[in-house]
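Input: a single structure, listed below in structure tokens.
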Amino acid sequence: VGVRSFELDAGGRSVIAAGSCDASGATTTVNISYFDDSNAVVRTATTSGPGCMAASVALKVLVDTNGLTLIILPSFKSAPFGGVPPGNFAARWLDASGNALTDWFAAGALTDIGFLTQPLIGGGIAVSSDGNTWNFIPSGEARIAPSPAVLNLGQLTIVLGGRAYAVQSDTLKALIAPTGEVCAQLPPMNAATAQGSLTFGRDGTVAAAQLHFVDDLNSTCSVAWYPGLLK
């Protein structure tokens, strides 16, 4: 089986991981490639663990704001992985050179079929399987810590070079401090007539996309650009 994960970090760089089992099904190997903002490969790394990852299973690779890499896989009853008890996320930290900082460890319970992750300012990554209960993994540590309250505000995007979050939810679209304090409101969306989402460019540009329903079968889409808004 082969599974891939692609993620962007707060600096505009990207990382791709591809995982696969060996022929005997005893070991899973994850190959990781790191790219700069011109999409050139700058380094690679490899890590492995006991057990065969399930077919079409989710695999996540993320780089936190301290430059450490977190690999996350589910450990299922039908396909336990990494020596982690089934029914949990299995995670491992790698250092900036791609060497393992921790062994595989339990990173929270699998309570649903979803697989959500959120890097946080100051380091560390939160993971959730239902979007309601978050498990916070401190940077480089093989443990779960209390989740920061900012995770309850909505979908977070790290902006302004890692100094703030842009948050999106049904009730809030704003620029917030790492503490959760609202610093400014983002472009408004007319929730009564459109479903909208915001995309944030590294240069501070905000793109606000809106889907307008004409009837049950037809819709139109519009995008508003706010160049350099977050500067």
Side-chain angles (χ1 to χ4, degrees), residues 5-15 58 60-70 72 89 91 93 107-141 143-211 223-231:
S5 172
F6 167 79
E7 297 290 339
L8 292 170
D9 69 17
R13 298 168 293 272
S14 56
V15 57
K60 284 283 188 176
V61 56
L62 300 104
V63 178
D64 78 353
T65 58
N66 291 334
L68 303 182
T69 299
L70 186 68
I72 311 176
F89 291 108
W93 285 104
L110 289 164
T111 58
D112 207 331
I113 60 173
F115 197 162
L116 306 174
T117 52
Q118 175 64 61
L120 294 175
I121 295 170
I125 290 170
V127 60
S128 174
S129 61
D130 60 11
N132 297 312
T133 302
W134 290 91
N135 299 289
F136 176 59
I137 309 166
S139 185
E141 300 184 32
R143 66 183 181 94
I144 299 297
S147 295
V150 71
L151 288 167
N152 298 322
L153 295 178
Q155 178 185 346
L156 303 175
T157 302
I158 298 175
V159 295
L160 297 177
R163 302 192 306 274
Y165 297 108
V167 62
Q168 298 185 65
S169 72
D170 292 339
T171 58
L172 180 65
K173 287 183 171 63
L175 187 68
I176 62 173
T179 58
E181 178 186 359
V182 175
C183 301
Q185 296 295 324
L186 291 173
M189 295 288 180
N190 186 349
T193 59
Q195 292 180 344
S197 64
L198 303 179
T199 301
F200 306 91
R202 190 176 50 157
D203 65 349
T205 294
V206 177
Q210 296 186 4
L211 183 63
V223 180
W225 295 91
Y226 300 83
L229 180 67
L230 302 183
K231 285 189 175 181

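Along the sequence shown, residues are numbered consecutively beginning with 1.
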Assess the residue pair Leu230 and Val206 against the criterion (side chain to side chain contact (heavy atoms under 4.5 Å, CB included)); give the C-alpha distance rounded to whole Å, side-chain angles, the decisive distance to 0.1 Å, and a yes or no.
CA-CA 8 Å; Leu230 302 183; Val206 177; 3.9 Å; yes
Check the pair Ile72, Thr117 against side chain to side chain contact (heavy atoms under 4.5 Å, CB included), reporting the backbone distance first and the verdict last.
CA-CA 9 Å; Ile72 311 176; Thr117 52; 3.9 Å; yes
What do the steps show when you test Val167 against Val150 for side chain to side chain contact (heavy atoms under 4.5 Å, CB included), and what is the final call?
CA-CA 9 Å; Val167 62; Val150 71; over 6 Å; no
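Considering only heavy atoms from C-beta on, Thr65 comes within 4.5 Å of Ile158 through its side chain. Side-chain contact check for Phe200 versus Leu186: some heavy-atom pair is nearer than 4.5 Å. At least one side-chain heavy atom of Leu160 sits less than 4.5 Å from a side-chain heavy atom of Leu175. When side chains are defined from C-beta on, Val127 counts as touching Ile137, because their heavy atoms get closer than 4.5 Å.
Atom CH2 of residue Trp134 and atom CD1 of residue Ile125 lie 11.0 Å apart, to the nearest 0.5 angstrom. Atom CD1 of residue Ile144 and atom CG of residue Asn135 lie 4.5 Å apart, to the nearest 0.5 angstrom. With rounding to the nearest 0.5 Å, the separation of OG in Ser129 from CG in Leu116 is 8.0 Å. Taking CG of Leu62 as the reference point, atom CG of Leu68 lies at 12.0 Å (rounded to 0.5 Å).
Among Leu120, Thr179, Ile121, the single residue meeting the side-chain contact (heavy atoms from CB on, under 4.5 Å) criterion with Pro148 is Leu120.
Screening residues 118-141 for salt bridge (Lys or Arg N to Asp or Glu O under 4.0 Å), with sequence neighbours left out, gives Glu141-Arg143.
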